[in-house]
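Just so it is clear, the values below take in all heavy atoms, side chains as well, and ignore hydrogens, waters and symmetry mates. Read the numbers this way: they start at 1 and go in the same order the structure lists the ligands and their atoms.
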Amino acid sequence: MSDVRRTWGRYSSAFAAEGTAAETRDSIRRLIELCELPAGSSVLDVATGAGYNAFAFTRAGCRVIGSDPTHEMLLATRSGWRERGFDGDAPCVEAWAESLPFMDGSLDAVVSHRAPHQFADVNTFAREAARVVKAGGTVAIADQSPPDGYEGWHNDLERMRDPTHEHARSPHEWLEVFEGAGLTVAATDVVYQEHDVAEWFDRVDAAPERREQALEMLRTMPSEIADVYRYEQGRMRTPQCVMVARL
Ligand SMILES: C[S@@+](CC[C@H](N)C(=O)[O-])C[C@H]1O[C@@H](n2cnc3c(N)ncnc32)[C@H](O)[C@@H]1O
């Protein structure tokens with residue numbers, strides 16, 4: 001786990017540099033829409049990184065705490081909070097997704113954006129999230145997600161780019177994770193994040209031979225998923241599952 005902190009500590013300035021555009025991603029917008037949280041709801045944003053999802057939920061009227069195990073990421077969240085003129089200091093806690101330092105039934109919602117594919121144990125995360133929300137509370141994710149049946153191809157591609165990648169789950173796999181934690185899925189959607197492939201490699205400082213092998217996978221992807229990933233002219237799309245469950 002110290003590798004996670006070392007790796008993400010190194011990436012923190014690249015993530016902080018994404019700026020306010022990162023807050024307006026379709027995956028964050030859809031996560032907020034599908035969560036349907038009333039203003040004033042207490043929300044824990046797990047693996048907040050540089051804080052973009054936490055900032056967007058704050059703008060939507062929620063009282064948000066960001067958590068992340070990587071100290072440098074939380075420093076980026078605190079700077080971003082001040083730069084945006086939100087009140088006081090960013091409420092943050094240094095914590096792993098698999099061990100949330102909150103009382104049972106103490107929060108209205110636990111959310112996580114663009115991060116659960118990095119978690120060492122997503123089933124433990126889901127059980128922890130279910131433990132800390134109130135009865136009827138919300139547990140929700142928006143994360144990169146292969147089409148059902150193409151989990152192996154997607155995860156091989158991501159791991160080629162970034163060896164710390166753990167496992168992105170298809171919608172079918174997320175349903176199993178949530179149900180296994182005693183949650184009931186209330187809403188789900190898939191949105192697409194279009195991005196520049198070279199920048200995607202740069203963000204994690206991918207080694208040249210890894211870039212070349214990942215590009216070869218993109219060039220030779222199965223025809224059934226060509227229209228999902230749409231790799232053309234140096235750009236591609238990554239599918240993102242948005243799933244909202246209630247306790
Ligand atoms: C892609 S980054 C930031 C994602 C951020 N939520 C966003 O939307 O920009 C992923 C984050 O996951 C965190 N992370 C990795 N493994 C974790 C774990 N097991 N528990 C909690 N956070 C973890 C890293 O420290 C990193 O900040």
Inset, instruction - Consider only side-chain heavy atoms of I, L, V, M, F, W and Y, link residues closer than 4.5 Å, and tell whether F57 and L44 are in one cluster. - result: no
Legend entry - Side chain, backbone, both or neither: the part of W96 lying under 4.0 Å from ligand 1 by heavy atom: both
Inset, instruction - Give yes or no for whether the N/O distance cutoff of 3.5 Å, strictly under, is met between W8 and ligand 1. - result: no
Legend entry - Proximal ligand 1 atoms for V4, defined as those under 4.0 Å from one of its heavy atoms: 15 (C), 16 (N)
Inset, instruction - Using non-hydrogen atoms of the residue, decide whether F125 is closer than 4.0 angstrom to ligand 1. - result: no
Legend entry - Short side-chain to backbone donor-acceptor contact, R237 and D227, under 3.5 Å: yes
Inset, instruction - Under 4.0 Å, heavy atoms only, figure out whether ligand 1 is touched by the backbone of V46, its side chain, both or neither. - result: neither
Legend entry - Side-chain (T188) to main-chain (V242) donor-acceptor, under 3.5 angstrom: yes
Inset, instruction - Please state whether P69 comes within less than 4.0 angstrom of ligand 1, counting heavy atoms only. - result: yes
Inset, instruction - Output yes when the distance from some N or O of ligand 1 to some N or O of E98 is under 3.5 Å, and no in every other case. - result: yes
Legend entry - salt_bridge(R78, D89) N-O dist < 4.0 Å: yes
Legend entry - Short N or O distance, F119 and ligand 1, threshold 3.5 Å exclusive: no
Inset, instruction - Check if D68 has a non-hydrogen atom at a distance under 4.0 Å from any atom of ligand 1. - result: yes
Inset, instruction - Report the part of N53 in contact with ligand 1, treating N, CA, C, O as backbone and CB onward as side chain, heavy atoms under 4.0 Å; options are side chain, backbone, both, neither. - result: neither
Inset, instruction - Return yes or no for this condition: an N or O of R114 is under 3.5 Å from an N or O of ligand 1. - result: yes
Inset, instruction - Go through ligand 1 atom by atom and flag the ones less than 4.0 Å from a non-hydrogen atom of T48. - result: 5 (C), 6 (N)
Legend entry - Ring-ring centroid check H117 H167, cutoff 6.0 Å: no
Legend entry - Ion pair R169/E151, N-O distance below 4.0 Å: no
Legend entry - Derivation of the salt bridge (charged side-chain N to carboxylate O under 4.0 Å, His left out) call for D143 and R114: CA-CA 4 Å; D143 198 16; R114 199 170 50 148; over 6 Å; no
Inset, instruction - Decide, yes or no, whether a salt bridge links E98 with R127 under the criterion of side-chain N to carboxylate O below 4.0 Å. - result: no
Inset, instruction - Would you check whether A97 has a nitrogen or oxygen atom less than 3.5 angstrom from a nitrogen or oxygen atom of ligand 1? - result: yes
Legend entry - Chi angles and distances behind the ring pair (Phe, Tyr, Trp, His ring centres under 6.0 Å) call for W8, F15: CA-CA 9 Å; W8 288 99; F15 274 80; 5.4 Å; yes
Legend entry - Closest candidate by heavy atom, reference atom 6 (N) of ligand 1, pool A47, A22, A115: A47
Inset, instruction - Kindly confirm or rule out an N or O of H113 lying under 3.5 angstrom from an N or O of ligand 1. - result: yes
Inset, instruction - Without swapping roles, check the side chain of R161 against the backbone of R210 for a donor-acceptor pair under 3.5 Å. - result: no
Legend entry - Which of the ligand 1 atoms, numbered from 1, are nearer than 4.0 Å to a heavy atom of M73: 27 (O)
